[in-house]
Colleague: 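Quick one: the structure is below, and I'll ask about it shortly.
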Amino acid sequence: MAKMKKDSYYDLVYYVTRQIPIGRVSTYGAIADYLTLGSARMVGWALTQSNQLGSEDIPAHRVVNRKGELSGRVHFKPPSKMQTSLESEGIVIKDDKVQDFKTCFWHPQELD
DNA sequence: TCTTTGACGTACA
DNA sequence: GTGTACGCCAAAG
């Protein structure tokens, strides 16, 4: 596994998303900026694809929007699974939003 | 090939 | 704080 088959923008997003520590959350913008994708939408798109594929190896529930809102919960099965998973990891969710978002926020740059 | 849509973000009134 | 507009780029029809 010294070399990945392809370095499509999804692979980058998948990789970074897997690096998100438990009890922490990241944002589309942070990932997009770190990977220099140019648009946060690319991150959401990749995550949607991975989710539809059933790639549970990717903790997409730890990725939220800039406001800390669980904007993509509707893409989960069931949608409430996103909040449940986050709360299970010690993250406080209130009204579909991360309370200590500022504290739980994690930036991929932490890997460096 | 063109148009529309989308788990977003920033800017402005 | 809210609503509107634009940019961003890829996938689907």
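None of the values given here were measured: they were computed from a predicted structure. So you know, we letter chains A, B, ... as the sequences are listed, proteins then strands, and number each from 1.
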Colleague: Give the rounded distance in Å between these two atoms: CZ of R66(A) and C1' of dA11(B).
Modeller: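 About 15 Å, once rounded to whole Å.
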Colleague: Could you please name the option among dA7(B), dG6(B), dA11(C) that lies closest to any side-chain atom of Y9(A)?
Modeller: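 Of all the options, the side chain of Y9(A) is nearest to dA11(C).
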Colleague: Do K97(A) side-chain atoms and D95(A) backbone N/O form a donor-acceptor pair below 3.5 Å?
Modeller: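 Checking the backbone N and O of D95(A) against the side chain of K97(A), a donor-acceptor pair under 3.5 Å is found.
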Colleague: What are the atom names and distances for every N/O pair under 3.5 Å that joins the protein to nucleotides 1-8 of chain C?
Modeller:
from: dC8(C); atom 1: O4'; to: S39(A); atom 2: OG; distance (Å): 3.3

Colleague: When all nucleic acid strands are considered with a 4.0 Å heavy-atom cut-off, which category describes A60(A): base, sugar-phosphate, or nothing?
Modeller: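 Touches a base.
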Colleague: How many whole angstroms separate atom CG of N65(A) from atom C1' of dG9(B)?
Modeller: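 Roughly 10 Å, once rounded to whole Å.
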Colleague: Using a strict 4.0 Å threshold on nitrogen-to-oxygen distance, state whether E89(A) and R24(A) make a salt bridge.
Modeller: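 Salt bridge between E89(A) and R24(A), a charged N being under 4.0 Å from a carboxylate O: no.
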Colleague: What residue among I20(A), I91(A), L70(A) forms side chain to side chain contact (heavy atoms under 4.5 Å, CB included) with V25(A)?
Modeller: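 So the option named by the test is I91(A).
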Colleague: Report the distance from atom CG of D96(A) to atom C1' of dA7(B), rounded to the nearest whole Å.
Modeller: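 Answer to the nearest Å: 13 Å.
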Colleague: If every non-hydrogen atom of V13(A) is compared with every non-hydrogen atom of T17(A), which pair is closest and at what distance?
Modeller: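 Closest approach of V13(A) to T17(A): O-OG1, 2.6 Å.
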Colleague: Would you mind reporting whether L37(A) and V43(A) have side-chain heavy atoms less than 4.5 Å apart?
Modeller: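 Yes, side chains in contact.
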Colleague: For E69(A) and dG9(B), what is the distance between atoms CD and P respectively, to the nearest whole Å?
Modeller: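 Between P of dG9(B) and CD of E69(A): 9 Å.
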Colleague: Can you find a heavy atom in the side chain of Y9(A) that is under 4.5 Å from one in the side chain of L35(A)?
Modeller: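 No, too far: nothing below the 4.5 Å cut-off.
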Colleague: Within this structure, what is the NZ-to-C1' distance between K67(A) and dT10(B), rounded to whole angstrom?
Modeller: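 About 11 Å, once rounded to whole Å.
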Colleague: Of the options dA7(B), dG9(B), dG6(B), whose atoms approach the side-chain atoms of M42(A) most closely?
Modeller: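 Output: dG6(B).
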Colleague: Hey, are the side chains of D96(A) and M82(A) touching, using non-hydrogen atoms and a 4.5 Å cut-off?
Modeller: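 No; the side chains remain at least 4.5 Å from each other.
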Colleague: Is there a side-chain polar atom (N or O) of Y10(A) under 4.0 Å from OP1 or OP2 of dA11(C)?
Modeller: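 Looking at the OP1 and OP2 atoms of dA11(C), one of them is under 4.0 Å from a side-chain N or O of Y10(A).
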Colleague: I need the full list of ring pair (Phe, Tyr, Trp, His ring centres under 6.0 Å) pairs touching residues 37-79 of chain A, with sequence neighbours left out, sorted by first then second residue.
Modeller: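 Not a single pair qualifies under ring pair (Phe, Tyr, Trp, His ring centres under 6.0 Å).
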Colleague: Let me know the distance between CG of D33(A) and C1' of dT10(B), rounded to the nearest Å.
Modeller: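 So the CG-C1' distance, D33(A) to dT10(B), works out to 13 Å.
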Colleague: Rounded to the nearest angstrom, tell me the gap between atom CZ in F105(A) and atom P in dG9(B).
Modeller: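 These atoms are roughly 10 Å apart.
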Colleague: Please report the closest heavy-atom contact between S26(A) and P108(A), naming both atoms and the distance.
Modeller: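 Scanning both residues, the minimum pair turns out to be OG-CD, 4.1 Å.
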Colleague: For residues 70-85 of chain A, which residues have at least one heavy atom under 4.0 Å from DNA chain B?
Modeller: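 Close to the strand are S71(A), G72(A), H75(A), F76(A).
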